[in-house]
Colleague: 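Sharing a structure below in structure tokens format, with a few things to ask.
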Amino acid sequence: MPAAELMLRDGKGALSDLDEALKLQPNLTEALLTRGTLRYQQQNFAGCLEDLEKARTSLGETPDILRMTGVAAYKTGNTNLAGQRLETALKAGVKDAQVALYTGYLRYERNDLKGAVEAFNLAESAGEQEPELFLRRGKAHFKLNNAQAALADLTRVAEKTTDPEVPEMLGLALVTLQKDNDAKPHLTKASRLNSSNKDVHFHLGRLCLYDNQPAEAESSLSKAVTLGLNNEEVFTLRGEARSRQNKTQEALEDLTRALALRKDYIPALKARARIRFATNDFPGTVTDLTIVAARNEAGTNDFALLGLARFELKDFKSAVTELSKAAEAPEAPARVFAARGKSYLELKEYEKAVADLTRAIEKGDRQGSNYAARGNAYFNLKEYTQALPDLETAINNGVDEAVLYHRLGVCRYEAGQYNAAIQEFDKAIAKDSKLADAFFQRGNAQFRLKLLPEAIQSYAQAIALGLKDPVLFNNRGKAYLLQESLNEAVADFTSAVSLNPQYVTAYENRGQAYFKAGKFAQAAKDFREAEKLTEKPDPSLYNWLAESYYNMKNFVPALEYFDKLIALNPADKTMLYKRGRVKLETGDYTGAVKDFEAAIKAGENSVEVYLDKARAHLELDDAKSAIAELTNALNIDKKNSKAYFNRALVRESIQDYEGAVTDYNQVLALNPDDGIAYYNRANCKAELGDPGAAISDLDEAIRVEPKNAAYYKLRGNLYYQLEQKDKACFDWRKAVELGDAKARYQIDQYCRK
């Protein structure tokens with residue numbers, strides 16, 4: 001009975017007939033294939049495997065046989081055979097959800113995580129939605145340090161699984177993504193499930209401490225330690241948690257343990273210093289905070305504590321040094337000034353002592369009488385910090401004069417209190433609307449706060465009142481420049497240099513305005529004028545000149561100024577790099593390479609220097625060196641798609657197709673919608689003899705750029721290689737439709753009936 005007739009009958013009857021046929025002729029290939037297929041459909045996977053293995057002897061590994069034997073082998077537990085057949089099926093272009101899914105499972109089990117992810121992606125694309133797919137893919141992403149992808153997959157199955165690793169991985173992925181608030185519930189759940197992952201308990205403890213839950217933080221951090229975490233951070237955090245619970249001795253033990261692991265760990269030193277100071281261990285406080293200060297890690301509170309500890313130890317000179325650093329901050333407490341005043345007293349610097357002690361008292365007591373006179377004296381001495389409280393107290397006590405508001409505004413400006421300064425200038429102007437300098441100074445404060453339109457208005461009012469100060473015009477020009485009002489900026493800088501032809505800053509500013517406007521010749525002229533007026537020009541001026549000439553493509557003087565900059569500092573990595581760029585533009589590729597190498601040796605470690613160096617090597621036909629430089633760029637920025645793409649192009653040009661595919665993989669991992677990368681990778685895969693994989697890439701390229709004729713043309717060529725003529729002709733016609741007239745040749749040659 002023919003196989004076609006068998007397939008029309010019910011499966012049970014068909015199997016019976018096939019059994020009889022095979023008794024008569026055991027090696028009848030068609031019967032074996034048909035019975036194996038029916039058995040597969042009825043999920044008799046052992047029988048299916050037996051029949052199709054025999055049929056394979058005659059028919060070979062057809063896509064259907066590969067698919068069914070692979071799935072059947074997986075279902076019957078023959079993972080070795082399953083892996084072989086499923087992998088072969090995928091390479092043969094089989095697009096079956098189960099084939100991809102089980103391939104993913106097997107790859108995952110042998111720790112081929114990237115391969116597993118690729119297979120799971122194929123399975124999902126084919127319609128597979130089995131929760132285990134998302135669970136294992138999420139775990140694979142997590143182990144591959146792809147936190148975002150792991151989060152997406154594991155979130156889908158979190159409510160459907162009891163797998164204890166899921167809350168662990170979700171929590172740690174969210175921590176990696178700096179989503180601490182979202183991470184905490186998952187870490188808490190993992191902890192309640194008795195997670196043995198020390199990182200889970202560490203981050204949970206850290207987050208509890210940030211949420212001011214010191215007891216919970218201590219408990220979690222202790223679990224992390226028990227599980228083997230032994231670094232300075234865990235002991236510092238636990239020490240802080242214990243300190244907040246007044247467990248002083250235990251906290252000190254933890255912080256000391258942290259410092260035994262890393263003697264210069266700043267957070268531990270700061271925390272221990274606070275505890276030591278609170279327990280009157282002043283020598284210990286000084287020991288810890290001296291290290292902090294030496295590392296340039298000390299803040300206002302640290303300097304205050306260090307100064308106060310030195311004061312308690314009667315080291316008054318050192319106390320003044322540290323307390324002065326603390327006193328620079330607006331929030332410095334009265335005890336800092338009191339201690340510094342007392343230290344000055346011990347050092348017999350009485351005037352300073354009186355000033356500091358008076359200020360400490362006045363922070364809570366505003367009584368006094370002759371503050372206006374003393375404030376004016378301080379102002380004329382340019383001691384603005386001391387003048388400010390006296391002037392303020394004078395005004396609060398009823399002295400209501402425009403000049404005091406004006407001077408108080410200047411004091412606040414010099415202290416960096418720009419908002420407060422504006423308020424004082426407003427009051428001065430309200431008292432005397434002709435006070436031109438108040439408008440000028442208000443403009444300066446507004447400028448500092450980036451209130452540029454307001455600053456311009458204030459400067460205009462000062463000018464209208466008759467103030468003809470070149471600095472005023474320069475400052476208004478600077479405000480215009482920052483607003484990109486380049487014509488107005490140029491006009492003001494021109495007024496400034498008209499009032500003072502020796503005004504170097506105005507020339508430099510006007511040069512910058514011209515530079516921003518793309519008027520590089522005028523910019524260079526102003527920068528040259530500034531150069532003439534300056535006995536020892538600042539290197540930044542040479543830099544502006546070099547950049548101006550560079551943008552004019554006038555490379556000879558550009559090179560001259562870069563040479564000057566490098567002569568001033570032969571190890572200036574930035575200038576070496578820029579000079580290399582000039583040489584690159586002028587075709588001196590060997591010189592460019594030398595400059596780039598010198599810049600790198602001097603410390604230049606940017607992606608751009610390696611990209612430019614690679615370009616120079618390419619111009620010198622040195623592909624090997626170009627690849628090395630692009631690799632250096634990627635060592636700095638592993639997510640730089642441009643470097644991967646360029647390296648792929650170079651590798652492709654030297655027929656290193658496997659290396660090129662590896663790089664295009666990285667490009668597409670970073671940008672899944674890069675059509676040309678898919679296209680180029682397809683070319684490489686075709687060269688490697690894998691047209692099926694190349695077609696898959698072209699499918700993606702067309703998804704991204706559905707109107708690119710080249711993609712259709714190449715896919716048509718590959719389909720033709722696979723003897724899929726109809727698909728090939730469809731793609732060639734599509735290429736012609738999209739503008740590639742040359743594709744008509746293939747149509748004429750192969751698509752005529």
Side-chain angles (χ1 to χ4, degrees), residues 232 236 239-240 243-244 246 248-249 251-252 255-256 258-259 262-366 374 378 381-390 392-393 411-412 414-417:
E232 63 275 12
T236 299
E240 181 65 33
S243 175
R244 293 187 193 183
N246 296 319
T248 303
Q249 190 56 42
L252 282 172
L255 294 166
T256 301
L259 290 164
R262 181 176 167 187
K263 64 181 180 180
D264 60 349
Y265 190 51
I266 300 302
L269 287 166
K270 288 187 176 186
R272 190 171 68 175
R274 290 194 298 270
I275 296 174
R276 283 177 162 178
F277 187 86
T279 56
N280 297 327
D281 178 6
F282 304 120
T285 304
V286 169
T287 298
D288 285 344
L289 290 179
T290 298
I291 298 172
V292 173
R295 300 284 180 181
N296 292 322
E297 296 284 350
T300 299
N301 293 333
D302 303 315
F303 284 122
L305 208 61
L306 180 56
L308 291 168
R310 292 194 184 279
F311 175 78
E312 295 291 344
L313 293 170
K314 303 188 184 307
D315 181 0
F316 300 118
K317 185 175 181 180
S318 298
V320 165
T321 299
E322 308 303 349
L323 291 168
S324 294
K325 295 173 184 175
E328 292 173 359
E331 69 274 13
R335 65 177 182 168
V336 168
F337 295 102
R340 188 172 72 170
K342 291 173 185 176
S343 296
Y344 279 136
L345 185 63
E346 294 292 336
L347 295 169
K348 301 184 181 197
E349 296 185 45
Y350 303 118
E351 184 176 357
K352 294 178 181 178
V354 169
D356 270 351
L357 291 167
T358 301
R359 189 170 179 188
I361 295 168
E362 289 177 350
K363 276 184 164 296
D365 184 358
R366 297 191 175 186
R374 191 170 72 171
Y378 281 135
L381 289 169
K382 300 187 185 301
E383 296 179 7
Y384 300 115
T385 301
Q386 292 88 338
L388 192 152
D390 276 349
E392 184 178 35
T393 303
C411 291
R412 293 198 184 282
E414 294 296 333
Q417 301 170 9

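Position 1 is the first residue of the sequence; numbering continues from there.
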Colleague: Test of understanding: with side-chain contact (heavy atoms from CB on, under 4.5 Å), list the residues that count as partners of E328, not counting sequence neighbours.
Modeller: none
Colleague: Of all residues at least two apart in sequence or in a different chain, which pass the side-chain contact (heavy atoms from CB on, under 4.5 Å) check with D264?
Modeller: R262, R295
Colleague: Which pairs would a plain distance check flag for residues 277-286, meaning a side-chain donor or acceptor within less than 3.5 Å of a matching protein atom at least two apart in sequence or in another chain?
Modeller:
{"from": "T279", "atom 1": "OG1", "to": "I275", "atom 2": "O", "distance (Å)": "3.0"}
{"from": "T279", "atom 1": "OG1", "to": "R276", "atom 2": "O", "distance (Å)": "3.1"}
{"from": "D281", "atom 1": "OD1", "to": "G284", "atom 2": "N", "distance (Å)": "3.0"}
{"from": "T285", "atom 1": "OG1", "to": "F277", "atom 2": "N", "distance (Å)": "3.1"}
{"from": "T285", "atom 1": "OG1", "to": "D281", "atom 2": "O", "distance (Å)": "2.9"}

Colleague: State the OG-CG distance between S243 and L252, to the nearest 0.5 angstrom.
Modeller: 8.0 Å
Colleague: Whether R274 and E240 form a salt bridge (side-chain N of Lys/Arg under 4.0 Å from carboxylate O of Asp/Glu) is what I want to check.
Modeller: yes
Colleague: Nearest 0.5 Å, please: how far is CG in L305 from CD in E322?
Modeller: 11.0 Å
Colleague: Per the ring-ring contact (aromatic ring centres under 6.0 Å, His included) rule, what does the pair list look like for residues 286-310, sequence neighbours excluded?
Modeller: none
Colleague: Please, which pairs that meet salt bridge (charged side-chain N to carboxylate O under 4.0 Å, His left out) have at least one residue in residues 298-309, sequence neighbours excluded?
Modeller: K270-D302
Colleague: How long is the gap from CG on L323 to CG on L308, to the nearest 0.5 Å?
Modeller: 5.5 Å
Colleague: Would you name the heavy atoms of T236 and A258 that are closest together and state the gap between them?
Modeller: OG1-CB, 3.4 Å
Colleague: Just verifying a value: how many Å separate E297 CD and Y265 OH, rounded to the nearest 0.5 Å?
Modeller: 11.0 Å
Colleague: Under the criterion side chain to side chain contact (heavy atoms under 4.5 Å, CB included), I'd like the reasoning laid out for E232 against L259: C-alpha separation, chi angles, the key distance, then a yes or no.
Modeller: CA-CA 7 Å; E232 63 275 12; L259 290 164; over 6 Å; no
Colleague: Kindly give the heavy-atom pair with the smallest separation between D288 and A273, and that separation in Å.
Modeller: OD2-N, 3.6 Å
Colleague: What closest approach, in Å, do A304 and A326 show between heavy atoms, and which atom pair accounts for it?
Modeller: N-CB, 3.6 Å
Colleague: Can you see which heavy atom on A327 is nearest to which on A332, and at what distance?
Modeller: CA-CB, 3.9 Å
Colleague: Grab the two heavy atoms, one from L306 and one from L289, that are nearest each other, plus how far apart they are.
Modeller: N-CD1, 3.6 Å
Colleague: Show the numbers, then the answer: is there a side chain to side chain contact (heavy atoms under 4.5 Å, CB included) between E392 and R412?
Modeller: CA-CA 10 Å; E392 184 178 35; R412 293 198 184 282; 3.0 Å; yes
Colleague: Can you sort out the partners of T385 under side-chain contact (heavy atoms from CB on, under 4.5 Å), two or more places apart, ordered by chain and number?
Modeller: R359
Colleague: For a side chain to side chain contact (heavy atoms under 4.5 Å, CB included) check, start with the C-alpha distance between R310 and T290, then their side-chain angles and the critical distance, and finish with the verdict.
Modeller: CA-CA 11 Å; R310 292 194 184 279; T290 298; 3.2 Å; yes
